[in-house]
Number of protein chains: 2
Amino acid sequence: MSILIKNSKIVTQNKNREVVEGDLYIEGQEIIEIGRISTEADFVIRDKIVMPGLINMHTHLPMVLLRGYGDDLPLEEWLTNRIWPAEAKLKKSHISAGTKLALLEMSATGTTTCNDMYFFEDVIANEAKKFGMRCYAGFSLLDFDTPEMKKEELLPECEKFIRRWKGDEFITPVIAPHATYTCSPETLDKARELQKKYDAFVHIHCSETRKEVYDVLEKYGKRPPEQIKEYGLLNKKTILAHCGWITKQEVKEIALAGACVAHNPVSNMKLATGGYTPLPELFDADACVSLGTDGAASNNKLDMFETMKFAALIHKHHRWNPSIVTAQETLDMATINAAKFLGLNAGSIEEGKKADVITLDARAVNLMPSHNNIISHIVYAASGFNVDNVIINGKVIMNDRKFIGIDVENVYKEVEKAKNELID
Amino acid sequence: MSILIKNSKIVTQNKNREVVEGDLYIEGQEIIEIGRISTEADFVIRDKIVMPGLINMHTHLPMVLLRGYGDDLPLEEWLTNRIWPAEAKLKKSHISAGTKLALLEMSATGTTTCNDMYFFEDVIANEAKKFGMRCYAGFSLLDFDTPEMKKEELLPECEKFIRRWKGDEFITPVIAPHATYTCSPETLDKARELQKKYDAFVHIHCSETRKEVYDVLEKYGKRPPEQIKEYGLLNKKTILAHCGWITKQEVKEIALAGACVAHNPVSNMKLATGGYTPLPELFDADACVSLGTDGAASNNKLDMFETMKFAALIHKHHRWNPSIVTAQETLDMATINAAKFLGLNAGSIEEGKKADVITLDARAVNLMPSHNNIISHIVYAASGFNVDNVIINGKVIMNDRKFIGIDVENVYKEVEKAKNELID
């Protein structure tokens, strides 16, 4: 299969962050050429804004089932009376339905790679592979039973999960100790052993709320990043979700370790965590910073375009400085920063890279007039719903806003059924 | 012309905030019936989420021409090196082109009424009337020459403008003294005289930045709301844009006077004003609070759905309280609060009200699953691009995302020409 995107504005996100006016040629899974191209192709798209697919670095896919179920509630009440009782009923069929919906929503709004963490991760990985979405699938480790299995089964099952998926084209198995307040030192220890054994990524919540920070400090004498470090998990293969309440010293430690922060501004604001992931300090320290939506129960979307805008604006306002967290820095977080960290040969449009490419409707009313500063339009003016074509690994998933070979109405039917079973 | 919307979920925004499952019948300019309706109609729409059109209470329509022109800059540099030089070149043709684009973008994302303030307001009013958008058209008053006329012409021309438009079906002329830092006491005095003479609305910027507050305090010994009050302009026909830096005492004064605050969270955050319009206190005081996008140069969209989400989230996060500024309160700000204040027989879906109605695609991927809490979906999960039908004053402006009888590409051509003339 070959794809030719003609006469377009190509936001490459290459080293020089060039925007190229021209054509893009894809063959098989790969970006072959950028320039003026006269080759014929199986599939031709014209007159677009072309950019790398977005990378959602923190999410819980099946939680789309709980979208809008309990908003505007205090965190404890939301978790205790809404989320946990519903999650306790989770079965494979629910996870499958929810994941399918999440994959549709993410790709419809331009995401081509996600970094997930949930229960029944094998079901999630299977759905992502069937769909053709790149998924870093985080197998959750906790000190209590999950809706899927007994706590003592978690570690051995996690190892089996890693073995089953290691080397897969779309799925990368990830170890996901939930957080330092939900994982004992023993669990963290074992997670590290697994990480070492398989050279796997670790995905962990870190300093999302101030309460968490002080609870962990009280219990272990260390704040969450210190605790993560203590147990050998602060390293160049660790993704720290949130970091809304980290210190300047912790910024340095994270940068030094080469870990990656996944910043989730929409979820943090909606849950009112009050913290501000210190982006300017993380940038200054040359730490890797990426963006995520978090689960749709606390967002309530999986739209990385919206997340980019929130990310840029929250910090400008908080620091009284419109010049920080620029449009370019924001787009970098959602693309190349994450790709580099993950060792993923994507995140930019360059010859030889995997063809994870999205296009935006260049004639969308909110992208007019067509100023030269297309990066600004992408971050501040675009909507996820301006995405009209999605290509992952060289395959067209969505064309002109229609999904190829996916029965969307059937997914909706499964989702409604799942919702009705989870929520009375 | 009659319109029947069948088998839909109707978010009425009536006194009891009922959501009705059923049909909606419109005849001429009016909502005739809500319920189970078997009447035939000229135009039939099915299976939607139906809600009142949104009311954008603070904008500068033609500034869409400057969308993305100078982002991430300090405010002074942005104004001095970008906005003002471009604005100095403004001609009627630019205003016409920009207004047309803004009307397209606003209606495409669900706005059916706007409250504008700019130069060449007569051109803006004409375009809004031709388009069929309800527009409260603010004729700007300043102490210096505008791109349109000499400063001494402003007051007499403003009066002519009011006379010309008073009583129009779509356009309501508004007096718009720009702000207390740009209008002398004499100008404020004259604005009040005009307001009294014509019982007109006044639209004024108020306490947008902390600098403004202290500049005005230093110059006149009063903070902006006090200065506005001193000159008789704090009353039940005054719209105060921003109020990001008002005091608790000023909250009381605004509520007592019956003035309306237009809160613009996206623009405030993008320009990094640092202030938080005190919504909880304004609600407690029973003050009228509405929402606006501000101009697209500082937003960079005119999407009131995005504005609703930012409005709800910014205050939750700032106050560490997920329960404040609820979805319902947010939707109220964008609909019925503004309509009530303006004395507009719209802002809710009730029999006898003007048919300013929008529909959302109920099968949009981001609105699944269809939880009962549709208000949450509208505020937290919807995008302006889920709007698929727009009806203003009983006329279908957009059907299935296509504008009726508008040559969109021709507008784009005019917009590109205008942009090229304004920006070298």
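Within every chain, numbering begins at 1; the chains are lettered A, B, ... in the order of the sequence lines, protein sequences first and strands thereafter. On a predicted model such as this, the values are computed, not experimentally measured, just so you know.
Classification of the F310(B)-F310(A) ring pair by plane angle, with boundaries at 30° and 60°, yields parallel.
Residue with the most contacts toward chain B among L65(A), L367(A), N373(A): L65(A) (heavy-atom pairs, distance under 4.5 Å). With respect to chain B, the highest number of heavy-atom pairs below 4.5 Å among R67(A), E306(A), H317(A) belongs to H317(A). Contact count versus chain A (heavy atoms, under 4.5 Å) is highest, among I324(B), V266(B), L104(B), for V266(B). Chain B forms more heavy-atom pairs under 4.5 Å with one residue of A97(A), A312(A), S376(A), G274(A) than with any other, namely G274(A). Between chain A and the options G384(B), P74(B), A327(B), A381(B), heavy-atom pairs under 4.5 Å are most frequent for A381(B). Looking only at heavy-atom pairs under 4.5 Å with chain B, the residue among R319(A), H377(A), E77(A) that has the most is H377(A). In terms of heavy-atom pairs under 4.5 Å with chain A, the best-connected choice from K270(B), R210(B), E409(B) is K270(B). Among S323(B), G275(B), A382(B), the residue making the largest number of heavy-atom pairs under 4.5 Å with chain A is S323(B). Between chain B and the options H315(A), E416(A), Q328(A), H318(A), the largest number of non-hydrogen pairs under 4.5 Å is found for E416(A).
With a 4.5 angstrom heavy-atom cutoff, A364(B) touches chain A only via backbone atoms. Only the side chain of K419(B) comes within contact range of chain A, with heavy atoms under 4.5 Å apart. With a threshold of 4.5 angstrom between heavy atoms, A296(B) does not approach chain A through any atom at all. Neither the backbone nor the side chain of L302(B) has a heavy atom closer than 4.5 Å to any heavy atom of chain A. Contacts between N366(B) and chain A at a heavy-atom distance below 4.5 Å involve backbone atoms as well as side-chain atoms. Contacts of I314(A) with chain B are made by both backbone and side-chain atoms, with heavy-atom separations under 4.5 Å.
Heavy-atom contacts from other residues, nucleotides or ligands closer than 6.0 Å to NZ of K89(B) number more than 12. Environment of CZ in R401(B): crowded, with over 12 heavy atoms of neighbouring residues, nucleotides or ligands closer than 6.0 Å. Within a 6.0 Å sphere centred on NZ of K413(A), other residues, nucleotides and ligands contribute 12 heavy atoms or fewer.
Annotation: side chain of M368(A) is not in contact with side chain of E105(B) (no heavy-atom distance under 4.5 Å). Under the 4.5 Å side-chain criterion, counting only non-hydrogen atoms from C-beta, L101(B) is in contact with P369(A). Within the 4.5 Å cutoff, no side-chain heavy atoms of R363(B) are placed close to those of V408(A). For the pair P322(A) and L271(B), the minimum side-chain heavy-atom distance is 4.5 Å or more. Residues V365(A) and Y412(B) form a side-chain contact, since some pair of their non-hydrogen atoms from C-beta on lies under 4.5 Å apart.
Here CG of N268(A) is found 10.0 Å from CG of L313(B). Values are rounded to the nearest 0.5 Å. Between atom OG of residue S370(A) and atom CG of residue N420(B) there is a gap of 7.5 Å, rounded to the nearest 0.5 Å. Distance check, rounded to the nearest 0.5 Å: OG1 of T273(B) to NZ of K316(A) gives 13.0 Å. If you take CG on D361(B) and CZ on F385(A), they are separated by 9.0 Å, rounding to the nearest 0.5 Å. Within the model, atoms CG of D71(B) and CD1 of I375(A) stand 11.5 Å from one another, a figure rounded to the nearest 0.5 Å.
Both the sub-6.0 Å distance and the 45° axial angle are not jointly satisfied by K301(B) relative to the ring of Y380(A).
Contact between K309(A) and N300(B) at its shortest, heavy atoms only, is NZ-N, 3.4 Å. Contact between D72(A) and V325(B) at its shortest, heavy atoms only, is OD1-O, 4.5 Å.
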